[in-house]
Structures are given as structure tokens and as C-alpha cells.
Undergrad: 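My structure is below; once you've seen it, I'll send some questions.
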Amino acid sequence: MRGWLSLLAIGLLLAAADSNAIEEQPKLSGLEFVSPETRSLQADDASNPGMLWVLRGEQLWQEPAGRSQASCASCHGEARQSMRGVALRYPAFDAGAGQPIDLKGRINRCRTDNQDAPALEHESEELLALTTYVAHQSRGMSVPPVEDERLRSVIEQGESLFRERIGQLDLSCAACHDDRWGQRLGSSPIPQAHPTAYPLYRLEWQTVGSLQRRLRNCMIGVRAEPFAYGSPEFIALELYLMQRAEGLPVETPGVRP
Amino acid sequence: MADHELEPRLQSMPLLNRRELMAGAAGLVLVSVARPAQARPALAEALRAFSGGAEIRPGKVTFEIPPLVENGNAVGVTITVDRPMSASDHVRRIAMFNEKNPQADVAVFQLGPRAGRAKVQTRIRLADSQMVVAVAELSDGSFWSSEAKVFVTLAACVEDLS
Amino acid sequence: MTRTMISAPETARAGDVVEIKAMIAHPMETGYRVDATGKPIPRNIINRFECTYDGEVVFAADLHPAISANPFIAFSTIATRSGPISFTWTDDEGKTETASVEIQVE
């Protein structure tokens, strides 16, 4: 039912997979696959609804929180300077925990450890607003190569998750996003799956959501049980997608259908 | 994901359920239909309520709306009315109506000579492919309209509400 | 927790037609949806928007559930004199949000 299955029925996705690795092809932001209307929505800050979350993040950045009554600004000062380029490095290796952590996780770590405040829920408006605000400080900057050797094995894990067939439809992420980008699934063009515009405003959600929410949508689309928010699998996938997007600029807050 | 978990979600999103899958709809153009009176009763009633029964004539109103949209949750519209916006000749109100949402009314904008220009822009929800109508009330009491047909395509991956 | 965004020129010449864009964070809950347990979600939309400038409401809108979440409205007004351009949004619960920008008119 709903798009994907009917498509399978007409056999488009059953065509033999050719193995065009994405590295040999131009890297294109998901923005290249959306309608001109959606593109201009993202391009004009005064009409991009994602900017409402940037604004909220800016307010939260200044607000004292937790038992410390410290605000993000009391330690980090002007986000424009201190957070510039930070999103490009995430997910990063968290030496303290001995494992990778994504930007949302890092912000929540500051909430609990530095502000002495309860952690924020994964898709809570506050955490999305702060993450959008911090990521927005890197808008226009290109994703650099991942250099931290401690992340190698995580990237590999992410890549194998990307290539693994999952769900009742028995499809891998790669089957759509490496092998069939630019083709259509129902009426939707299949993008290359770059994580560089997140958190973003999805018209379908009518709100801003995280990259993990987007990945859950794709997993549910192939009828797979989605990973839990914040799970190591999602962080590995996020990291793999990030290094795969090397060279693309950050767009946060993006807009997608 | 099992069907019994997926179904309640889909039912809880009426906007999604009714969308038509318009594969290959490229090439469709804006259609202008000059007879709002032929629309189904709810729309005709809403139009009549707005004009107070006065005749609504086609013309003077330009309705910009994409003929094919990727997602019916936010469809950008621009309505322009060809009037000078002077004290003696201006647009008083611009209203928008639709054919197939649960309610025919979309919005009514109140303008006046101080607007300078008879142009408004907003984003609307369309539950399905359908006709949308814009009507302007001028300072001389006349009503003018323009219609457009919009095709709404189906989103590829939706989600549970969790 | 209000989040509104206004885009308007800071300066203008008297008589200029200035473009104003106004956006507010609001779910525009239609009243036609049910939650995960099947319970109807009550309608709550911004039903009224007004822009006041130089002593008068220069633009207003009555909105229905067919207006998208996080409503966006763009319109114009003639620059008359320096001062605030004020905006109010009212929702079904009677809550009113306000915003204001200053315009310098030469």
C-alpha cells in the first residue's frame, strides 16, 4: 500500500541492482531533487519556517537552566563564534564515554553535566531548537573529511547498516540512495540521502525534525522496525552519511517535502 | 512493521489518506474555470456567503499557485488584484476557498487603500487534488474571481506518530 | 513561548509601498485529526491576524484550518510616518501573541 508497495508491484525497484557507488557520481544535496517552490522556501529566511526553530534556539541559548542556573551563553558566549563549524565535526568521538556522540547528544550532555538540568527528550522542541540553532552556525560551510581514527570502525559499522537489506521490502538504504537516486518512488524523486540540512522542516511533518526522525521514516517505509532514537546504530548511520557527504555545505534549517 | 501498527497511524492522518497518487502528472497546467456556481454545494455556499449573494464574475484576480505540489501541507499561494488601491478604487477583501477540504473556507484578507498594492501571499493545506478559488471584493461592491486546479502528490515515506 | 518572525524594511520613503512578511510558530491543529489512541485532537488554530500601523488596522486576516501550520502571511502597506508596525495573532484558545517592528520614514 501507499506508494512504495504499489511501486514494487510494478517492478521498478526489482530491476537488478547496478552497483554505482556514489563516490563516482556527483554529490547532490536533497535540495536538488525538490520542487522550485520548496527550494525557494528554504532560500528565503523570512519564509523558511525552520527559522522559527533557529529563533527559539537563540532564546534558549540565553536562558539559564538547571541547578547551575548557567545558560549556554554563560560558558560558550556568542554562538556565532563559538559554535561556528562545530556541527561539521559531529558525530564525534566522546573520549569520556569511549563512544561516538552526535550533536544532539552533545548538547544534551551539556544540559545534564554542565547545566545540571534534566536531559531533553529526543524530538522535544527545545532539543530540536538548540540543535537547529547550533547547526545553523555552520550554514554554508562544507563537510570536511573525518580524520579521527577512533571513528573508523564506527563508519564501517554505519556503512554495513547502509548496505544491509532490511524490512519486509528487503531493501537496503543503498538500493535506493546509491543505486537509484534520481529515479522516482511514486511521485517522489529519490535523493542521495545527505544529512547536511538537518534538523530540517519537513512539510509532511509540519514541523522541524531530526535526521534520526527522517531515518526512521525510511525504515518504516521499507517496513523495518526502526532503531531507537539515540541508539548506537543510528549514530553509526549518521556518521557514515556525514563522511559520505564530504564537501557538501551545511543547509540547516533545510526544507523538504 | 506490522500492518496493525501502521493502520491506525494512517487513519489518524486524514490529510494523507485522501491524497491522489498523480504519477506522471507533469505537463498539467493551471486551468481557469469561469463558473464557480457549478462547484459542489459547500463551495457554492461559502462563495455565496462571502458575496452576500452578489454575482461573482471571472477576472481582475490573478491566482498564482503551483499546478502540481509535492506535499499538500504547505502550498504557497499569491493572489494579486488588478486595482490601483486608491481611496475611490481599491480592494476591500480577498477570500480564498477550496473544493475538497473538510471546510470550504481558507482565509479572508481585509485590505484597503493603505495597502498600496492588492497582493497577498500565504501557505495553505490541500487535502487532495482539487480546485481552489480566489475572490476579491472591490470598493464599488463588485466581486471578481479566479480559479486554479492543483494536483497534490503523495509523500513517499510517512511515519508513525511516535 | 512565542516565536514570531517579521520581515519589513527598517527605512522607507513616505509613500513607498513596503512589503511585510509575518510568520508565527503554531501547529494550526485542524480539529479533524485523532491522536494515536483514536481520541480526536481538539481544533486550535490562529483564527485572526491583524497589522496596525499609524493609528489604523492596515491589514487583517480571518484564518481557517486550511492555513498551513506555522502560518505565513505576506502583504504590503504604504509607508506614512515613522513608528511601530504592530502585529497580533489570536488563536482558538483566545491566546494573543504580539510583535512589533520599527520603521523609519523619511
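Computed from a predicted model, the values in this text were never measured in an experiment. Throughout, a chain's letter reflects where its sequence line sits, starting with A, and its residues are numbered from 1.
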Undergrad: Pick one of side chain, backbone, both or neither for C:Glu50, based on which atoms fall under 4.5 Å of a heavy atom in chain B.
TA: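 Neither part, no heavy atoms under 4.5 Å.
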Undergrad: So which of B:Ala115, B:Gly112, B:Ala118, B:Ala95 has the largest heavy-atom pair count under 4.5 angstrom toward chain C?
TA: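 Sorted descending by pairs with chain C, the first entry is B:Ala115.
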Undergrad: For the CG atom of C:Leu63 and the CE atom of B:Met96, what is their distance to the nearest 0.5 Å?
TA: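 The CE atom of B:Met96 is 9.5 Å from CG of C:Leu63, to the nearest 0.5 Å.
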Undergrad: Taking the side chain as everything from C-beta on, heavy atoms only, tell me whether B:Arg123 gets closer than 4.5 Å to C:Met23.
TA: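 The answer is yes; the side chains approach within 4.5 Å.
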Undergrad: C:Tyr53 versus chain B, heavy atoms under 4.5 Å apart: side chain, backbone, both or neither?
TA: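 Interface part for C:Tyr53: both.
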Undergrad: Can you say whether C:Ala69 sits under 4.5 Å from chain B via the side chain, the backbone, both, or neither, judging by heavy atoms?
TA: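 Both backbone and side chain.
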Undergrad: If I measure from the heavy atoms of chain B, does C:Thr80 come under 4.5 Å with its side chain, its backbone, both, or neither?
TA: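 Side chain only.
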Undergrad: B:Ala74 and C:Ser68: which non-hydrogen atoms are nearest, and at how many Å?
TA: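 Distance-wise, the nearest heavy atoms are CA-OG, 3.3 Å.
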Undergrad: Taking every non-hydrogen pair under 4.5 Å, which of C:Glu56, C:Lys21, C:Glu19 racks up the most with chain B?
TA: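 Max contact count across the listed options: C:Glu56.
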Undergrad: State, to 0.1 Å, how close C:Ile67 and B:Arg125 come at their nearest heavy-atom pair, and which atoms those are.
TA: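 Residues C:Ile67 and B:Arg125, closest heavy atoms: O-NH1, 3.4 Å.
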Undergrad: Against chain C, work out which of B:Ile94, B:Asp105, B:Val75 has the most heavy-atom pairs shorter than 4.5 Å and name it.
TA: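 It is B:Asp105.
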Undergrad: Find the distance between CZ (C:Phe75) and NZ (B:Lys119) and round it off to the nearest 0.5 Å.
TA: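 Separation between the atoms: 13.0 Å.
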Undergrad: Report yes if the side chains of B:Gln103 and C:Thr30 come closer than 4.5 Å at any heavy-atom pair, otherwise no.
TA: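 Side chain of B:Gln103 against side chain of C:Thr30, heavy atoms only: no contact under 4.5 Å found.
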Undergrad: More than 12 foreign heavy atoms under 6.0 Å from CD of C:Glu10: is that the case here?
TA: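 Count not over threshold, so no.
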Undergrad: Let me confirm one number: the CZ-OG1 distance from B:Arg114 to C:Thr77, rounded to the nearest 0.5 Å.
TA: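 B:Arg114 atom CZ to C:Thr77 atom OG1 measures 5.5 Å (nearest 0.5 Å).
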Undergrad: Taking all non-hydrogen atoms of both residues, which atom of B:Thr122 and which atom of C:Phe72 are closest, and how far apart?
TA: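 Closest approach of B:Thr122 to C:Phe72: OG1-O, 2.7 Å.
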Undergrad: For C:Asn47, is it the side chain, the backbone, both or neither that has a heavy atom under 4.5 Å from a heavy atom of chain B?
TA: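 Answer is neither: C:Asn47 stays 4.5 Å or more from chain B.
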Undergrad: Do B:Met85 and C:Val17 have side-chain heavy atoms sitting under 4.5 Å apart?
TA: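 They are not in contact (no side-chain heavy atoms under 4.5 Å apart), so the answer is no.
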Undergrad: Can you give me the closest heavy-atom contact between C:His64 and B:Ala107, atom names plus distance?
TA: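 Minimum heavy-atom separation between C:His64 and B:Ala107: CD2-N, 4.0 Å.
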